[in-house]
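First comes the structure, then the notes that go with it.
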Amino acid sequence: FLSLWPLICAINHFLLTNLRSCTLLDYRWEEERATDGSKWSFLEHKGPVMAAPYEPLPSNVRFFYDGKQMKLSPEAEEVATFFAKMLDHEYTTKDTFRKNFFKDWRKEMTSEEKSKITDLKKCNFNEMGEYFKVQSEARKAMTKDDKLKIKVENERLLQEYGFCIMDNHKERIANFRIEPPGLFRGRGDHPKMGMLKRRIRPEDIIINCSKGSKQPKPPTGTKWKEVRHDNKVTWLVSWTENIQGAIKYIMLNPSSRIKGEKDWQKYETARNLKKCVERLRNQYREDWKSKEMRIRQRAVALYFIDKLALRAGNEKEEGESADTVGCCSLRVEHINLYPEKDGQDFVVEFDFLGKDSIRYYNKVPVEKRVFKNLQLFMENKQPEDDLFDRLNTSILNKHLQELMDGLTAKVFRTYNASITLQQQLKELTTDENLPAKILSYNRANRAVAILCNHQRAQPKTFEKSMQNLQTKIDAKKDQLSDAKRDVKSKKAVERLEEQLMKLEVQATDREENKQIALGTSKLNYLDPRISVAWCKKWGIPIEKIYNKTQREKFAWAIDMAEDDYEF
DNA sequence: TTAAGGACTTAGCAATCGCGCG
DNA sequence: CGCGCGATTGCTAAGTCCTTAA
């Protein structure tokens, strides 16, 4: 294997460079597209990689019920291992999780097991849990050669299943592996946490490819649920998941033509909004005065979406998922009104759980008319009543569609994120050294992340890593003063000063960033042409802003944007 | 008009990678 | 050369919005 590796790398490199030059040569971003709603005319792929089959535990790894050893049937044992693997996780202490798990686990038991195992508290999974810990330690301690074997096998799988042919292009597939079975982990206070996510069989899977293509073969002795040839959609494989009954898809990587073009289109729609946003703002200000309640509600909601970059807020079925809201689904209990607070007039305090149960907390002064309207909307309502009872996302989006072609609520997030980046870059970038410019970029990015409420848990290692950095800074300062004493080494002093500045910038950046996630806005909300243009204008290598994956995703923008690009 | 189904984008966290350091 | 950490990637849940059907 060691001798094979360089060859594999060489082949891989050849393929990648070949693909890249292909992109450059044929300008696939500028190819003509069909107008009949079809997404492709040829699609060929190898189908999904199925999850690895269950391997029963060795007989020395035991399960105990009520203190007594018990040999479980393979089906019940598999589900038990899912729980055992999560023993250290907070999830397994939660009532809902345990209840859902136990209910679903019992469904997999033989009738004998079912009659014996009646109380989760009496189940002892410790040996199983230990076994998996030892296994994962062993994996970490594997020899180089064994690690390489795994790497080679993964690479082989990627080469075989990780690509497809769509309309003359070899494209990378995003998620070509079928999700393995396990226990459902919802986010936040999810009523279904702990339920069994069942194993997906070939009989559950729908394959989508073109008629003339070589069809993917199901594993021997099995059949696909269906093979269809629908070129009005972009997915290659789909199946229905058993927790929410939702459909899951295998689709292409963001670097693909089909995703890139869609992304480009998204930013073009946002730029169209830029052209008419003042008109729209005047319109909703007028509508605050409407004699119709539904119009006032629509106008106030739109104002929030525009000013605060709130999500649309579709209705959700109660009890099916965590209780989270967006703009249209805000309830009376999610806001507080203060005619005067901290020296500001007409302050609205927002406090609610948004997507992924991330808390949105914000205090904002608003126009008097908005404030009065909110008071009106809240009159005679209970805390759990809808704030905008005459509004939903479908009504709002229908209205937006009339104001501008292609306009929906989420376009405001894209527009406000991108315009903020552009403005902030203009404001913050100074003609300093490279690290200072990068810091400016990150600060502009950060302003957007704060606007969009993209948070992350403070890394567990944050305090320590800040300390380490401080130690480095102190050491560098010492070095510097030593060097300064030594009159001969003027060059060395300069170099040390630069290194020290770099470290200090890094520390500032990291501190400001501890609870903010920049990745989401960078990947989904910021027109990449703004960043490409900024790099060109200031002579900054694009690699400083975008890593390899990001450069692949934004290849279209890197190809087309010049230094004078205006969002 | 509403509900359900379907397709696609957006999201944070966990696992893994790979680089700089002693 | 191994270790530890930050960076990157993988995973899949959770949104948005459109279409279809009753």
Side-chain angles (χ1 to χ4, degrees), chain A residues 37 39 86 89 136 139-141 144 147 150-151 154 158 162 174-180 182 184-188 190 192-193 197 206 208 230 232-235 238 240-241 243-254 258-259 262-263 265-266 305 311-317 320-322 324-329 353-358 392-398 400-401 406-414 417 449 452-457 459-462 464-466 468-469 472 506 510 513 515-525 546-550 552-553:
Chain A
K39 307 284 172 68
M86 294 178 74
H89 206 287
S136 96
R139 218 172 316 126
K140 272 182 221 157
K144 249 186 172 175
K147 280 185 184 168
I150 293 173
K151 208 170 172 181
N154 280 336
L158 173 67
N175 53 324
F176 56 89
R177 288 165 201 274
I178 293 289
E179 293 173 20
F184 176 76
R185 307 152 81 126
R187 312 259 169 86
H190 197 118
K192 297 191 172 183
M193 62 168 83
K197 207 172 101 163
I206 301 173
N208 193 33
D230 182 358
K232 299 282 192 288
V233 296
T234 66
W235 54 266
S238 78
T240 301
E241 150 271 350
I243 305 287
Q244 328 262 1
I247 307 172
K248 298 255 180 159
Y249 303 93
I250 291 183
M251 291 184 188
L252 296 194
N253 197 72
I258 209 156
K259 294 287 184 188
K262 198 79 189 298
D263 209 33
Q265 200 181 81
K266 173 181 80 184
I305 284 170
R311 295 188 185 82
N314 286 313
E315 293 114 299
K316 300 170 74 181
E317 217 178 319
E320 291 296 300
S321 61
T324 62
V325 297
C327 186
C328 294
S329 51
L353 297 182
K355 181 177 179 179
D356 292 323
S357 294
I358 297 291
N392 60 39
T393 55
S394 143
I395 295 171
L396 180 65
N397 280 335
K398 216 162 275 167
L400 292 175
Q401 187 57 242
L407 187 62
T408 61
K410 82 196 261 285
V411 179
F412 281 87
R413 255 167 99 80
T414 313
C452 294
N453 201 230
H454 291 141
Q455 299 186 25
R456 61 166 181 175
K460 287 185 190 79
T461 53
F462 181 80
K464 197 163 68 154
S465 88
M466 276 314 270
N468 289 348
L469 201 50
K472 274 192 198 170
Q506 202 187 345
R510 193 176 298 174
N513 221 29
Q515 285 171 341
I516 299 164
L518 300 187
T520 303
S521 51
K522 203 175 193 176
L523 231 48
N524 301 299
Y525 289 103
Y546 290 140
N547 68 30
K548 187 167 129 306
T549 319
Q550 293 164 339
E552 281 165 11
K553 167 164 179 168

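In what follows, every chain begins at residue 1, and chains take the letters A, B, ... in the order their sequences are listed.
Between A:K39 and the phosphate of B:dC8, there is a side-chain N or O to OP1/OP2 separation shorter than 4.0 Å. The phosphate of B:dC8 has neither OP1 nor OP2 within less than 4.0 Å of any side-chain N or O from A:K266. Remark: A:S238 is not in phosphate contact with B:dG6, judged by side-chain N or O atoms under 4.0 Å from OP1 or OP2. The phosphate of C:dT8 (OP1 or OP2) has a side-chain N or O of A:N547 nearer than 4.0 angstrom. Phosphate contact (OP1/OP2 of C:dA13, side-chain N/O of A:K197, threshold under 4.0 Å): present. Between A:Y525 and B:dT9 there is no side-chain polar atom (N or O) within less than 4.0 angstrom of OP1 or OP2.
Computed from coordinates, the A:K262 NZ to B:dA7 C1' distance equals 8 Å when rounded to whole Å.
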Polar atoms only, N or O, under 3.5 Å: list the protein pairs with nucleotides 14-21 of chain C and their distances.
| from | atom 1 | to | atom 2 | distance (Å) |
| --- | --- | --- | --- | --- |
| C:dA14 | OP1 | A:R187 | N | 2.6 |
| C:dA14 | OP1 | A:H190 | ND1 | 3.3 |
| C:dA14 | O4' | A:D356 | OD1 | 3.4 |
| C:dG15 | OP1 | A:T324 | OG1 | 2.9 |
| C:dG15 | OP1 | A:D356 | N | 3.1 |
| C:dG15 | OP2 | A:K316 | NZ | 2.9 |
| C:dT16 | OP1 | A:A312 | N | 3.4 |
| C:dT16 | OP1 | A:G313 | N | 2.7 |
| C:dT16 | OP2 | A:N314 | N | 3.0 |
| C:dT16 | OP2 | A:N314 | ND2 | 2.9 |
| C:dC17 | OP1 | A:T408 | OG1 | 2.8 |
| C:dC17 | OP1 | A:A409 | N | 3.3 |
| C:dC17 | OP1 | A:K410 | N | 2.8 |
| C:dC17 | OP2 | A:N397 | ND2 | 3.0 |

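Annotation: of the two residues near DNA chain B, A:N392 and A:K259, the 5′-most nearest-nucleotide partner is A:N392. Taking for each of A:Q455 and A:T240 the nucleotide of DNA chain B with the nearest heavy atom, the 5'-most of the two is the partner of A:T240.
Nucleic acid contact for A:R413: sugar-phosphate only, since backbone atoms but no base atoms lie under 4.0 Å from a heavy atom of the residue. Contacts of A:I358 with the nucleic acid, taken as non-hydrogen atoms under 4.0 Å apart, involve only primed sugar atoms and P, OP1 or OP2.
One distance of note links NZ of A:K522 with NZ of A:K553; it measures 12.0 Å at 0.5 Å rounding.
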